[in-house]
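Below is one structure, written out as structure tokens, with a few remarks after it.
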Amino acid sequence: MAFHLLQHDRQGAQLMAQALQQAVASVRHCSRCHTFTEDEVCEVCRNPQRDASKLCVVETPADQAAVERTAAYRGLYFVLMGKLSPLDGIGPKDIGLAKLFERAADGQVQEVILATNFTAEGEATAHVIGEALKARGLRVTRLARGVPAGSELEYVDLGTIAHALVDRR
């Protein structure tokens, strides 16, 4: 993108640079869910129509936006801003697990939905969070996984087919 803008649209590059500078100056983390916002508390957390009994845990604001685009979830979020990765030196303190556990124990949350990615690190993160929250007496669920709608089995990787068989309903 940078090469394209420099070669074909220098004015667009200037506008993008200004927009990024403005974003860096004005965007911060929501004090409740940790996503990006220009306000102290983001729009989702301020919305009284959201179901405060459900808390969906995602790795990034982009993951939160993807869930929101489905219009299938009306609860609240907690954005980790990462995932556990011991090989990279990223532990529980680095992704704010203490704040998550505090939020989940606020008395309103009845179910925590773990929506971390289905990578090794995402699975490990979901496992650690899930075990800790179950020990605190909370209901913990995990996003379903399996064969994507519209796909053909011969083109789906074997791990996905195996998980789909185990998690079938």
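Computed from heavy atoms alone, side chains included, the values below leave out hydrogens, waters and symmetry copies. Residue numbers start at 1 and run along the sequence shown.
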Looking at Glu40 and Arg32, is there a salt bridge between them, counting it only when a charged N and a carboxylate O are closer than 4.0 Å?
no
Exam field: side chain [X] to backbone [Y], donor-acceptor pair closer than 3.5 Å:
{"X": "Asp106", "Y": "Gln108", "result": "yes"}
{"X": "Asp39", "Y": "Cys42", "result": "no"}
{"X": "Ser26", "Y": "Gln22", "result": "yes"}
{"X": "Thr160", "Y": "Val156", "result": "no"}
{"X": "Arg103", "Y": "Tyr77", "result": "yes"}
{"X": "Asp94", "Y": "Gly91", "result": "yes"}
{"X": "Arg50", "Y": "Leu76", "result": "no"}
{"X": "Arg46", "Y": "Val41", "result": "yes"}

Below 4.5 Å, heavy atoms only, C-beta onward: do [X] and [Y] meet side chain to side chain?
{"X": "His8", "Y": "Phe3", "value": "no"}
{"X": "Thr125", "Y": "Leu80", "value": "yes"}
{"X": "Lys54", "Y": "Val112", "value": "no"}

Going by distance alone, is a donor N or O of one side chain under 3.5 Å from an acceptor N or O of the other, for [X] and [Y]?
{"X": "Thr141", "Y": "Glu111", "answer": "yes"}
{"X": "Thr119", "Y": "Asn117", "answer": "no"}
{"X": "Gln64", "Y": "Thr35", "answer": "yes"}

Please say whether more than 12 non-hydrogen atoms of neighbouring residues, nucleotides or ligands are located less than 6.0 Å from [atom1] in [X].
{"X": "Gln14", "atom1": "CD", "answer": "no"}
{"X": "Glu131", "atom1": "CD", "answer": "yes"}
{"X": "Arg139", "atom1": "CZ", "answer": "no"}
{"X": "Leu158", "atom1": "CG", "answer": "no"}

Within 45° cone and under 6.0 Å: Arg28 NZ/CZ vs Phe36 ring
no
Where do Ala126 and Thr116 come nearest, in terms of heavy atoms and distance?
CB-OG1, 3.4 Å
Minimal heavy-atom distance between Arg142 and Leu114, with the atoms involved, is NH1-O, 3.1 Å
